[in-house]
Amino acid sequence: RKLSDVLEVRLETVEDPPRRVAVLREKAAAEVQLGRSAEALDALGRAWLEDVSDALTLAELDGLAAAANGWQRLVDILDKGIAATLVPDLRADLYARKAKILEERLAAPDLAIAAWREAISSRPDHQQAFVAIERLLEAAGRAADLAETLEKHAEVVVEAREREQLAKRVAVLHEKVLGQPEKAIAAWRSVLDMDEESAEALDALDRLYGEVGDWTSLADVLQRKVEA
């Protein structure tokens with residue numbers, strides 16, 4: 001305990017970031033020797049905040065968080081790190097790490113969704129974030145939010161096949177779950193824009209146009225089915 005206190009006093013006179021990191025790492029090691037995992041986590045967290053791009057120290061924080069059951073402490077440290085950087089990719093990575101902790105360690109799926117959305121704000125094509133949000137929204141039965149997220153996901157997907165599959169999921173949600181045939185029609189039309197011969201889309205539009213009484217559009221779809 002005495003060594004830890006001495007190191008804390010020493011920090012008051014150290015301004016050079018690399019030296020501060022060294023002292024804080026020594027303090028964290030001293031706290032580990034004393035069996036004080038929470039205090040070690042705090043010290044190492046302060047070391048990481050001197051350079052939030054230090055992936056090695058960040059990885060070490062996970063181990064200390066597990067030892068101390070200090071996952072909320074680690075989330076708080078990550079929030080400080082996020083606030084300390086303007087680098088979009090780094091912010092996205094830190095939000096992703098935060099989201100995983102919130103879901104897997106703290107059983108807070110709504111907060112995890114919010115963190116994943118922040119990751120997308122920093123990196124709009126963050127595929128892992130979209131997939132995670134979609135999984136969490138589906139598990140929560142939040143169909144409207146899921147449909148909106150899938151639409152946004154489709155906007156940033158490069159591969160045509162994947163974009164088509166996302167549009168199909170949107171269409172099914174609007175028709176089968178949300179009871180919104182007009183929106184389902186729009187989604188299936190977007191599928192046809194990507195694949196003019198999609199039998200699945202043509203069959204769905206055949207059914208939906210009949211349901212809403214749009215006979216002109218239905219006739220057009222039937223003609224396309226004959227020609228396909």
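FYI, the numbering just counts along the sequence from 1.
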Open item on the list: Treating Arg73 as the side-chain partner and Ala65 as the backbone partner, does any N or O pair qualify as donor plus acceptor under 3.5 Å?
Closed with: no

Task: Gln165 vs Glu159 side-chain heavy atoms within contact, under 4.5 Å - done: no

Task: Nearest-0.5 Å distance, CG of residue Asp220 to CG of residue Asp206 - done: 11.5 Å

Task: Test applied, side-chain hydrogen bond (donor to acceptor under 3.5 Å, both in side chains); reference residue, Glu227; option that passes from Lys225, Arg224, Gln223 - done: Gln223

Task: Leu102 with Ile82, same ILVMFWY side-chain cluster at under 4.5 Å - done: yes

Task: Heavy-atom check, side chain of Leu56 versus side chain of Glu60, under 4.5 Å - done: yes

- [ ] Side-chain contact test, heavy atoms from C-beta onward, threshold under 4.5 Å: evaluate it for Val75 versus Gln72 and give yes or no.
- [x] yes

TODO: I would like to know whether Arg25 and Thr57 meet side chain to side chain donor-acceptor pair (under 3.5 Å); could you show each step before the answer?
DONE: CA-CA 9 Å; Arg25 276 185 159 280; Thr57 301; 2.9 Å; yes

- [ ] Evaluate the side-chain proximity of Arg117 to Lys152: yes if any heavy-atom separation is below 4.5 Å, no if none is.
- [x] no

Task: Heavy-atom pair with the smallest gap, counting every atom of Leu61 and Trp48 - done: CD1-CB, 4.0 Å

TODO: Take atom NZ of Lys80 as the centre, draw a 6.0 Å sphere, and report whether it contains more than 12 heavy atoms from other residues, nucleotides or ligands.
DONE: no

TODO: Examine Leu94 and Leu106 and state if one hydrophobic cluster contains both, with Ile, Leu, Val, Met, Phe, Trp and Tyr joined whenever side-chain heavy atoms are less than 4.5 Å apart.
DONE: yes

Task: Test side-chain contact (heavy atoms from CB on, under 4.5 Å) applied to Arg123 - qualifying residues, sequence neighbours left out - done: Asp89, Ala92, Asp93, Asp125, His126

Open item on the list: Checking His153 now: which residues fulfil side chain to side chain donor-acceptor pair (under 3.5 Å) with it, not counting sequence neighbours?
Closed with: Gln127, Glu134

- [ ] To the nearest 0.5 Å, tell me how far Glu175 CD sits from Glu211 CD.
- [x] 6.5 Å

TODO: Tell me yes or no: between the side chains of Ser190 and Arg163, is some donor less than 3.5 Å from an acceptor?
DONE: no

Open item on the list: Would you compute the distance between atom CG of Leu74 and atom CG of Leu44 and round it to the nearest 0.5 angstrom?
Closed with: 10.0 Å

Task: Value rounded to 0.5 Å, distance of CZ in Arg20 from NZ in Lys27 - done: 11.5 Å

- [ ] Go through the steps for Arg169 and Glu138 under the test side chain to side chain contact (heavy atoms under 4.5 Å, CB included), then give the verdict.
- [x] CA-CA 11 Å; Arg169 290 180 66 188; Glu138 186 170 19; 3.9 Å; yes

Task: Arg135/Glu103 ion pair, N-O < 4.0 Å - done: yes

- [ ] Identify whether Leu34 and Val32 are in the same connected component of the hydrophobic contact network (ILVMFWY, side-chain heavy atoms under 4.5 Å).
- [x] no

Task: Qualifying residues under side-chain contact (heavy atoms from CB on, under 4.5 Å), relative to Asp195, sequence neighbours excluded - done: Glu164, Glu197, Ser198

Open item on the list: Between Lys98 and Glu118, is there a side-chain heavy-atom distance shorter than 4.5 Å?
Closed with: no

- [ ] Give, for atom CZ of Arg36 and atom CD of Glu31, the distance between the pair rounded to the nearest 0.5 Å.
- [x] 4.5 Å

Task: Leu137: hydrophobic cluster co-members (side-chain, 4.5 Å) - done: Ile113, Trp116, Ile120, Phe130, Ile133, Leu136, Leu146, Leu150, Val156, Val157, Leu166, Val170, Leu173, Val177

Task: Sidechain N-carboxylate O distance under 4.0 Å for Asp62, Arg105 - done: no

- [ ] Starting from Val14, walk the hydrophobic network (Ile, Leu, Val, Met, Phe, Trp, Tyr; side-chain heavy atoms closer than 4.5 Å) and list everyone else you reach, by chain and number.
- [x] none

TODO: Supply the members, apart from Val172, of the Ile/Leu/Val/Met/Phe/Trp/Tyr cluster built from side-chain contacts under 4.5 Å; use none for a lone residue.
DONE: Ile185, Trp188, Val191, Leu192, Leu202, Leu205, Leu208, Tyr209, Val212, Trp215, Leu218, Val221, Leu222

Task: Within-4.5 Å side-chain heavy-atom neighbours: Leu78 and Leu58 - done: yes

